[in-house]
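Structure, as C-alpha cells:
Note on naming: letters A, B, ... go to the chains in the order of the sequence lines (proteins, then strands), and numbering restarts at 1 for each one.
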Amino acid sequence: MGAYLVRRGLETAASMLLVAFLLFVLVDLMPGDPLDLMLQADPRLTSADIARLKALYGLDRPLLERFGTWLSDVLRGEFGYSRLYSVPVAEILWPRLASTLLLLGTSLLFAVLAALPLGVLAALRAGSLLDRMLNVFAFFGLSVPSFWLALLAIVVFAVLLGWLPAGGEPAEPGLVPVVRHMVLPVSVLALLAFAPLFRFLRAGLREALREPFVRTARAKGAGTARVVFFHALPQATPTLVTILALQLGGLFSGALAVETVFGWLGMGRLIYEAIMGNDYHLALVAVWVGTAAVLLANLAADVLHARLDPRVRLG
Amino acid sequence: MRGSIRVSGSVETFPAQPPSGRRVRPRGIAALAVLCVLALVCAFGPPLCRMLGLDGESIDLARRLAPPGPHAPLGTDELGRDLLVRLLEGGRISLAVGVGGALATTLLGTLLGVWAALARGTIDALVMRIGDVLLALPLLPLLVVLAALDPGELGLPAELDSTALEVGRIVLLVALFGWPATARLVRAGTLSLESAEFVRAARALGASPMWVARRHLVPNLAGPLGVAAALAAGQAILAESVLSFLGLGIRPPAASWGNMLSHAQEVMWQAPLLALWPGLAILLAVIAWNALGDALAERADPRARRR
C-alpha cells in the first residue's frame with residue numbers, strides 16, 4: 001500500500017510539473033507579450049528601451065531559467081499580477097475557484113443522488129420500459145454539447161418562460177437569488193455528470209449480479225435489497241470512486257463552457273476571459289491550478305480506491 | 001519467410017474472421033444511414049440551394065432575423081443570410097472535422113498502442129501513464145490555450161490561416177488529446193493476440209511478422225478500432241463545436257455549427273429559434289456516431305449484447 005501510494009504521488013507530481021512546463025512553453029509562444037502591447041501603446045519607446053525592459057523583467061533569460069523562476073514563485077504562492085483585472089492574480093483566482101467548486105460540487109452531488117437509485121433500478125429491471133428510457137436519456141447526456149444545452153436552458157426557462165434568470169450575478173444578496181442563479185447551470189452540469197455515472201453503475205451492477213457470490217447470497221435467502229446493497233453495490237463502489245474522479249476533468253471542461261454561457265464568475269470563465277484578453281500570465285496560472293486540482297482529486301480517488309479494494313492494495 | 005506457403009494452408013483452418021451471425025443490429029444500421037444522409041445533404045445541399053435562389057453569403061440587413069418562409073425555409077440569421085444554407089455549409093465542416101479527427105486519433109492511437117505493446121518495459125509504462133493522465137485532464141481549458149496559439153509564431157506563414165487550416169488544427173488537437181482510448185484498446189489487443197495460441201502456432205510454423213499482422217492482428221483489432229474511431233468522431237465534432245462557439249475554432253465568415261450558435265446567443269432575446277437548429281444538428285451527428293460506436297462494440301463483443 002505504501003509503495004503504491006508513493007508511486008502514485010510521484011506520478012501526480014511529475015504530471016503536474018510536465019503540464020506546468022508545457023503550458024509555460026505554449027504561453028511563451030502566444031502572440032502579444034506585455035512588451036509588445038507597451039510598444040503599441042507608446043510609439044516613443046525605442047528598441048533600446050525594450051531591451052532594457054526585457055532585462056529588467058528577466059525576459060531575456062533562457063526559457064528553462066524563466067520557468068524555474070516562475071515555478072518557484074508559484075509554489076511559494078506568489079502568483080503575480082493580472083494585467084486584465086489590474087489586481088494580484090491570487091485576489092481573483094481563489095474566489096473564482098471557490099465559485100466553480102460550488103457549481104461542480106452541487107452538480108456532482110445531484111448527479112450521484114440521481115444515478116445511484118436509477119442505476120440500481122435499471123440494473124434490476126434490465127430491458128423494462130424504465131430501463132430503456134433511462135438509457136436513451138443517458139445516451140443523450142453523453143452526446144449533447146454542454147454549451148448548447150446551457151443555451152437551450154436559457155432560451156426555454158429565461159427567454160420564453162421567464163422563470164429563472166439568464167445568468168450573471170444575483171442583484172440582491174441572500175440565499176434565494178443565488179439559488180435561482182444556480183438552478184440552470186447546476187442542472188446542465190448535473191445531466192452531463194449523470195450520464196456516465198448511470199451507465200457505469202448499471203453495467204457494473206448487472207455484472208456483479210451475475211457473480212457466484214450473489215447467487216450464493218440469494219440461495220441463503222437474502223432478499224433483493226440485501227443482495228443489492230450489501231453484496232453487489234460494494235463490489236462496484238471502488239471503481240465508482242475512480243470513475244467519479246475521472247469525470248472531474250470532463251466536468252471542469254463542461255464548467256468552462258457552461259460558465260461562459262451563463263456568465264457565472266468561476267474558473268472556467270476566468271480562463272476564457274484571460275485568453276481572450278491576452279492576459280496569458282493569468283491564463284497560465286488559472287489553467288494550471290485547475291489542472292492540478294483535478295489531478296489531486298484523482299490521486300485522492302486512487303488512495304480511496306486502494307483503501308476500499310484490497311486487490312489494488314496488494315497488487 | 002521459410003515455408004510460408006505450406007504454413008498458410010495449415011493456418012487457414014483457424015478462422016481469423018468472426019463466425020457468421022454477428023451482425024450489426026438495426027440501431028447501428030440506422031446510425032450509419034443517418035450519417036450517410038447527413039453527408040449527402042451537406043455535400044449536395046448548398047449548390048442546390050443556390051440554384052433555388054437561397055443566399056447564405058451576402059449580408060442583407062433589411063432581411064435580418066426573418067422568420068421561416070418561402071424565401072428562407074428556416075429563416076435568416078442576424079446578418080440576413082439564409083439559415084438553411086449556412087446550416088448545410090456548417091455541416092460540411094463538422095463532418096470533415098469528425099471524419100478527420102477519427103482518422104487522426106485512430107492512426108496516432110494505433111501507432112502508440114502497437115509501439116507500447118511491442119516495446120514493453122519503460123516505453124510501455126511511460127506511454128500508458130501519459131495516456132492515463134491525458135484521460136484525467138480537463139481538456140477544454142488546455143484546448144482553449146492551444147487554439148489561441150498564433151500559427152505565425154510556430155513558423156507557418158500567416159496567409160495560410162484559412163478555414164482549411166482551422167479544420168486541420170482542430171483535427172490535430174483532437175488527435176493529440178484523444179489517442180489514449182485507442183492506444184489502450186490496441187495495446188491490450190496486441191498483447192493478448194501476441195500470446196494467443198493461433199498466433200503462436202502461426203509463428204512456430206514459420207509465418208513472417210507481416211503475415212501474422214495482416215492475417216491475425218488486423219482482422220482481430222478491426223472491431224475495437226472501429227469502435228474507437230466512431231466514438232472519436234463524435235468527440236471531434238463536439239470539440240469543434242465548443243471551440244468555434246468560444247471563437248477559437250472556425251472563424252466567421254465561414255459557417256460552422258459551433259460559431260453559428262455563438263451568434264445565436266447574441267440575438268437570443270429577439271430570435272430564440274436561431275439557437276435551436278445548429279445545436280440539433282450537432283446532437284444528431286454526435287448521437288449517430290456514438291450509436292454507431294455502441295453497435296460496433298456489441299458486434300465486436302457479443303457478451304456486451306446481453307448487458
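At a 4.5 Å heavy-atom cutoff, the contact between B:Ile282 and chain A is made by side-chain atoms alone. At a 4.5 Å heavy-atom cutoff, B:Leu143 makes no contact with chain A through either its backbone or its side chain. Of the atoms belonging to A:Ala257, heavy atoms from both backbone and side chain fall under 4.5 Å from chain B. Contact annotation for B:Leu276: both backbone and side-chain heavy atoms come within less than 4.5 Å of a heavy atom of chain A. For B:Ala285, no part lies near chain A; criterion is any non-hydrogen pair under 4.5 Å. For A:Met276, the part sitting under 4.5 Å from any heavy atom of chain B is the side chain, from C-beta outward, and nothing else.
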Sequence neighbours left out, cut at 3.5 Å: what donor-acceptor pairs do the side chains of residues 17-25 of chain A make with other protein atoms?
none

Stepwise side-chain contact (heavy atoms from CB on, under 4.5 Å) check, B:Leu238 with A:Trp148: CA-CA 10 Å; B:Leu238 283 179; A:Trp148 180 64; over 6 Å; no

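In this structure, A:Arg206 does not pair ionically with A:Asp131, as no charged nitrogen and carboxylate oxygen lie closer than 4.0 Å. Using a cutoff of 4.0 Å between basic side-chain nitrogens and carboxylate oxygens, A:Glu273 and A:Arg96 are scored as salt-bridged. Salt-bridge annotation for A:Glu11 and A:Arg8: present, with a side-chain N of the basic residue lying under 4.0 Å from a carboxylate O of the acidic one.
When each of A:Thr291, A:Leu295, A:Ile154, A:Leu152 is scored by its heavy-atom pairs under 4.5 Å with chain B, the top score falls to A:Thr291. Chosen from A:Val261, A:Leu248, A:Leu251, the residue pairing most often with chain B at heavy-atom distances under 4.5 Å is A:Val261. Ranked by heavy-atom pairs shorter than 4.5 Å toward chain A, the options B:Ser262, B:Pro141, B:Pro278 are led by B:Pro141. Contact count versus chain B (heavy atoms, under 4.5 Å) is highest, among A:Ile271, A:Val294, A:Leu256, for A:Leu256. Comparing B:Leu248, B:Val242, B:Leu142 by heavy-atom pairs within less than 4.5 Å of chain A, the highest count is held by B:Val242.
At most 12 non-hydrogen atoms from other residues, nucleotides or ligands lie less than 6.0 angstrom from CZ of A:Phe157.
When the ring pair (Phe, Tyr, Trp, His ring centres under 6.0 Å) test is applied to A:Phe252, no partner is found at least two apart in sequence or on another chain.
Legend: side-chain hydrogen bond (donor to acceptor under 3.5 Å, both in side chains) pairs involving residues 232-243 of chain B, not counting sequence neighbours, sorted by first then second residue: B:Ser94-B:Glu240, B:Glu240-B:Ser244, B:Glu240-B:Ser256.
Checking side-chain atoms of A:Tyr272 against main-chain N and O of A:Thr260 turns up no donor-acceptor pair under 3.5 Å.
Residues A:Ser99 and A:Gly266 share a closest heavy-atom pair of OG-CA, 4.0 Å.
At least one side-chain heavy atom of A:Asn298 sits under 4.5 Å from a side-chain heavy atom of A:Leu246.
Against chain B, the residues from residues 133-146 of chain A that qualify, each with a non-hydrogen atom under 4.5 angstrom away, are A:Phe139, A:Phe140, A:Leu142, A:Ser143, A:Val144, A:Pro145 in number order.
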